Amino acid sequence: MTSNESSIPGSARKWLRVLFATCAVLVVADFVFDKHPHFGFEKLPLFHAWFGFAAFAFIVAVGALLRFVVARSEDYYERHNGSQRSAMPSEDAEVEPEAREAEDHRRV
Amino acid sequence: MRMRENTILRVAAKSLLPFFFLFAFYVQFHGDFGPGGGFQAGVIFAAGVVLYGLIYGVDAAKAVIPKPWVEVGVALGVLIWIATGVATMLEGGRYLEYGKLDVAHPVHGQHLGILFVEFGVLMAVASGMTLIFYLFAERGR
Amino acid sequence: MFEAVPPGLFLVLGGVLALFLRGSLRSAVLIALPILGAVQLALLPNGFSMQWQPFEGYLFEVVRVDALSRVFGYVFYLAALISVIFSLHVKDTMQQSAGIAYAGSGVAALFAGDLVTLFVWWELTAVTSVFLILARRTDRATRTALRYLVVQVLSGVLLLAGTLLHYGETGSLAFGALGLGSLGRDLIFVAFGIKAAFPLLNGWLQDAYPEATATGSVWLSSFTTKLAIYALARGYAGTEILIPIGCVMTVFPVFFAVIENDLRRVLAYSLNNQLGFMVVGIGIGTELALNGTAAHAFAHILYKSLLFMAMGAVLYRAGTVKASELGGLYKSMPWTATFCIIGAAAISAFPLFSGFTSKSMILSAAAEGHHDVVFLILLFASAGVLEHSGIKIPYFAFFAHDSGKRPKEAPKNMLVAMGIAAALCIGLGVFYGPLYALLPYRVDYTPYTMAHIVTQLQLLVFAILAFLVLQKLRLYPSERRATILGADWFYRRPLPAIGVRVGIACAFVYLTLVGMAAAITRRVGHVLRKLYQPPGPLGEPWPTGPAALVAAILLVVYLVSVYV
Amino acid sequence: MFAPLADWASSLEALTEHFPVLVVVLPMLAAPLCFLVRHANLARAIGGLAAVACFAMVVQLLGRVLDEGVVSYRLGGWPPPLGIEYRYDLINTFVALIVSAMAAIVIPFGQNPRAFAVPPGRHNVVYAVYALCAAGLLGMTVTGDLFNIYVFLEISSLSAYTLVAIGSERRALMSAFSYLTMGTIGGLFFLIGVGMLYQMTGTLNIVDLSERLADVSSVRTLSVAFAMLFIGLSIKLAVFPLHQWLPNAYTFAPPKVSAFLAATATKVAFYVMLRVIFTIFGRERSFEQMNLDRILLPLSVAAMFMGSIAAIYQLNIKRLLAYSSIAQIGYMTLGISLNSESGLVGGIVHLFNHAVMKGGLFLAVACILFRLGSVKIEDMRGLGRRMPWTMGAVLIFGLGLIGVPGTVGFVSKWYLVVGAIERDLHVVAFLTLVSSLLAVVYVWRLVEVAWFSKASEGSSAQTVREAPLAMLLPVWLLALASLWFGISTDHSAGIARLAAQQLLGTAP
């Protein structure tokens, strides 16, 4: 499953335009309004804008790397529970979606 | 019951009985001034009944003083004693404050109170003792 | 009459009562309980105190109402009401009863004026809440529930141990400002820290909340951790070490949330991150910061339960909340999607939403205290919040690629509950006056300055831009089925492994001892039975003769003992 | 038109003056009346009314005592050392409250006709004896005259023997006889003690006696008198090892009688013991000269253990409760022997608490016997499902016996342990806690049988119904009381503390 569809539907296109417009307005606003900066770094032009962009990108990048370290297959804990598991087979690990769905309806 | 045939005992007992009861009442009324009172009198009174029962048989005794009377007597005796105390309270005194029974002559009231109370005690004790005798006598049968 | 009952006790008793009720009467009682509670709280003045002195010299302050506990109290009742409505359709009566009793003990803990009372309710929140996980009735949930209970009870035990040490030191049981510096108070700090999900103590949160039932996690998200925040604010306001702890809490969950597949677990990470903001606020400890913490807790409970409700509705209808199995649900669940987006906007602190009016107080407090690094970290974490809660949750659940699932819209009661929460998220963002009026200290703060709005929007909008760019470049990590190891790994994997070896050794020694003890016990039991079981000499009264003799002997013995 | 009302008010006020004596007179009056009416329900109404009225009067008196201090009433208007005086201070008003409350609970509520050997037409006798017993116990409690105590002791004891003997169990008569023998020996010891004191001082009024004893130098006679009184009362109180009359008496008496006697008779004996030790002889003489703690402390600890262990092995629930009572009496006497204020508070408050718990338990047993027809623990399998309210109450009382926080039992154990620690008797404190664990065992036996085991096939435990409301009501009243006084201790432990201070002479 890839992340997104290459063809963007029309309604989404509209929202994209709104977003870009907002970005533009905010860039202009940055120079119009006084920001009452507390710290030196806040005086940098468009500090919050690029900080937000960078932070987001950084988080996603680190997250992607983190996946190599901490991601395990879905039944990781169940698989390694050893004898305990064989005694009590887990119902929830890899059940048919339909079955689980039905079951969840019953329980939830 | 051989005793019933024993004439001497029967006659002696019968002639003694009035003195039993007389003595009982003597002890009862003497209790106002000296040793004596309802408790002792009651026992003596009951002794008379017991003697009669022993000589003439329990049934004969019961014919004279029926068991239900005795039972009621116990309760009534206690009741009289307590009621006297309550009466003094109703007259505005303390519990058993006999003086209040005759407000005009407290000393007379004292006598009256003691008389009632001792009568109640006599009745309760005499009936109680007789009752115990009856109950024991019944058990043997 | 109201004053005679400690706040929260209504709910606990009502929960028990509800077990015996059925149908609409039960629903009415359940809904009435939190409302009744809130009314009672409104009637109690600040400074109200109810004391219990069971023994000379031990004074327990069972109820103590002041501004700080009051603000938490109201939001707890509000959350309880919303959660009740959300779970009205549930047929499993145990869940609602456990939930309302859990909320009640949480409220009662807020108003505990001494540490022993706090401990009692503290433990009761643990005991009642575990049913919300058990109610899932799967094997996996049962094991999770056990782990959860162990950690929660451990927190309670630490609290009790700390309390006793503290009492030994100072002779006081009062729950006021404690501060670190003695073993007792440090233990209490750790006890609070466990429930507040401090770094490395947070495993239970990500472990347990996603395993609860669809409605259970809504209950869970509101009370336990916020109770801990309250307790920290009461006992450790201004404790410096809380600032770095809070910073770590805000940052680290963010990375884990990016790659987590289970959306309710994403919310659990996000919850942890939000707690970080509050912990930082407590650490700064100024009036503005504490106000911010209280306000943020208030707003947070509402939008976090809104998000958990949205995911609960998805779980209920679609049977899963795995990002990899969802997508495109907005077509058939438009209301849920809308409410979810409102919640997402609130947690991301968009202007006009509740997160904005509360979180910016903490940021301003950091700025006023000239904590520049802290400020940057919080700013960074804000971008992180937007990433996982603002975008990931609604995007993967309701939009993204179409999973083809077309579940029905959520049941009415769920929609009503979500609607109330959503309305409050917007309401508190626009009319923040009443909330500010409730805060423990006088508020002299205006959230809506042009500078605030512009900088906040810049941060958020450009972060969204980053998301779009990354998506376009196909750099955004795709959702993938996986288990993400968190702090719970430590006690789920290595600890049991070590435990097994130690356990075998212990078991050997133990069994030997038990064997010996059992043999001795059997022998003793045999003798006792012979002596005491009715025909035995001590199990039956003696005949009158010997009994009277004993009395005579005792008299002699006593008199002799007096004269000798 | 308001004159009659005013009249009423003033006569009511005049009546209030007589409450101190009416507390005894009313049940005494009710007894012969019950006997005379010869109708069970009428007698029940009379006895019940008298008991309830007594309770109300004692409550009023307690208020007065708390406000004004000692309330004294002179019988016949004679001044105290000469005449008899009814004297209410905190400790005996507190005990009178317990006695009258138990009477008010036990007498009016439905008696089980099967429990009595008396033919159905004569049940009025039962109420007469109840009322007489209550009158005797109340008289013992409130009188300020030592000989009067003896008289009332005999009245209450004789009626208690009758109550035990009236039970329909075959062995009731034998156990009543054994009770009578031991009780008479106890009464005799007491009487000898009283006689010696009279011989030395020439007075029988307790207050007067305590003052005159201060000048008495003949230590030897005094010690013997003390020992006589102490042993005599120990028999009445069933202090280990003088308890032999108790298990059978409680076992074979009708359960309601056991409830009444367990909650009142031993309690009043305990009160008289307190009176003798602390008021007449005084703390100093009792403990320093007579070394009371040297004998009472080991006996108390032994009672705690022997009673509890014996309770564990019993097969009959009434016997179990009877042995548990012996252990609980051990806690009470432990409170005396600790010779400290906290200890004494523990003893006194346990007197109250034990009355509530044991009274309630025996009343619950009455429910069980009524429905199940058996009091064997074996037969109670699975009874929890059939009689949830009864067994639920048993559980609550059981928790109290163990001393779980939130129940009355906890409060008394707390004070006892604190008292022991104050006197540096850490071993005793520890043993007190250990003996609580023994209580866990015998309570658990009941719980396990009632809730965790299945009724055996065909047993009547499978089919019985819950006890009737009239029988459950008093049980639950006491169960709620045992919870209420476990949480709100102002009225139990608070009064006990004041009473202890009064007894020790340390009252502020």
Side-chain angles (χ1 to χ4, degrees), chain C residues 4-6 9 12-13 16 20 50-60 62-63 116-117 119-120 123-124 160 521 524-564, chain D residues 175 177-182 185-186 189 219-220 223-224 226-228 230-232 234-235 239 241-249 251 289-292 294-296 299 306 309-316 319 322-323 341-342 345 405 410-411 414-415 418 486-490 493-494 497:
Chain C
V5 186
L9 195 61
V12 178
L13 297 178
V16 177
F20 300 100
M50 185 195 289
Q51 291 172 338
W52 183 51
Q53 186 172 19
F55 315 109
E56 198 83 2
Y58 298 82
L59 186 74
F60 299 129
V62 181
V63 180
V116 175
T117 311
F119 160 77
V120 170
E123 286 291 50
L124 203 61
L160 185 64
T521 316
V524 171
H526 187 68
V527 173
L528 284 181
R529 187 174 290 272
K530 274 222 145 147
L531 284 173
Y532 281 99
Q533 198 146 39
L538 295 174
E540 258 202 342
W542 301 348
T544 315
L549 194 63
V550 170
I553 292 172
L554 200 65
L555 182 73
V556 173
V557 168
Y558 184 31
L559 282 174
V560 168
S561 85
V562 170
Y563 284 114
V564 174
Chain D
S175 44
F177 181 69
S178 153
Y179 183 14
L180 181 142
T181 316
M182 289 305 289
I185 294 173
F189 276 33
V219 177
R220 191 152 295 198
S223 321
V224 176
F226 183 87
M228 283 287 179
F230 171 68
I231 300 290
S234 296
I235 294 176
V239 172
L242 307 174
H243 65 275
Q244 308 292 356
W245 58 269
L246 186 142
N248 275 348
T251 307
Q289 203 172 312
M290 292 300 299
N291 294 325
L292 181 66
R294 211 200 283 171
I295 182 160
L296 196 54
L299 290 187
M306 301 299 266
I309 296 174
I312 290 171
Y313 285 102
Q314 295 306 315
L315 309 172
N316 174 323
R319 187 66 83 69
Y323 274 107
E341 188 183 305
S342 297
V345 173
F410 174 67
V411 180
W414 172 284
Y415 276 112
V418 167
I487 294 165
S488 164
T489 57
D490 292 355
R497 170 170 295 277

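Everything numeric in this text was worked out from a predicted model, so none of it was measured. All chains are named by letter (A, B, ...) in the order of the sequence lines, taking the proteins before the strands, and each is independently numbered beginning at 1. Reckoned from all heavy atoms, side chains included, excluding hydrogens, waters and symmetry mates.
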Would you please name every residue forming a side-chain hydrogen bond (donor to acceptor under 3.5 Å, both in side chains) with D:Ser234, sequence neighbours left out? none
Looking at [atom1] of [X] and [atom2] of [Y], how far apart are the two atoms once the value is rounded to the nearest 0.5 Å?
X        : Y        : atom1 : atom2 : answer
D:Arg220 : C:Leu559 : CZ    : CG    : 10.0 Å
D:Met228 : C:Leu555 : CE    : CG    : 5.0 Å
C:Arg529 : D:Ile312 : CZ    : CD1   : 10.5 Å
D:Leu242 : C:Leu554 : CG    : CG    : 5.0 Å

Checked D:Ala322, D:Ala227, D:Ala311 vs chain C; the most non-hydrogen pairs under 4.5 Å come from D:Ala227
Which one of D:Asn248, D:Leu246, D:Ile309, D:Val345 has the most heavy-atom pairs closer than 4.5 Å to chain C?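 Most heavy-atom pairs within the cutoff with chain C belong to D:Ile309.
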Among C:Leu528, C:Val557, C:Leu531, which residue forms the greatest number of heavy-atom pairs with chain D at distances under 4.5 Å? C:Leu528
Quick one: are C:Ser561 and D:Met290 in side-chain contact, heavy atoms under 4.5 Å? no
Ring pair (Phe, Tyr, Trp, His ring centres under 6.0 Å) contacts in which one or both residues fall within residues 525-561 of chain C, not counting sequence neighbours: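 Those involving residues 525-561 of chain C are C:Tyr558-D:Phe230.
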Checking D:Ile185 against chain C: side chain, backbone, both or neither under 4.5 Å from a heavy atom?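 For D:Ile185, the side chain is the part near chain C, not the backbone.
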If I measure from the heavy atoms of chain C, does D:Phe226 come under 4.5 Å with its side chain, its backbone, both, or neither? side chain
Taking it one step at a time, do D:Leu315 and C:Gln533 satisfy side chain to side chain contact (heavy atoms under 4.5 Å, CB included)? CA-CA 8 Å; D:Leu315 309 172; C:Gln533 198 146 39; 3.6 Å; yes
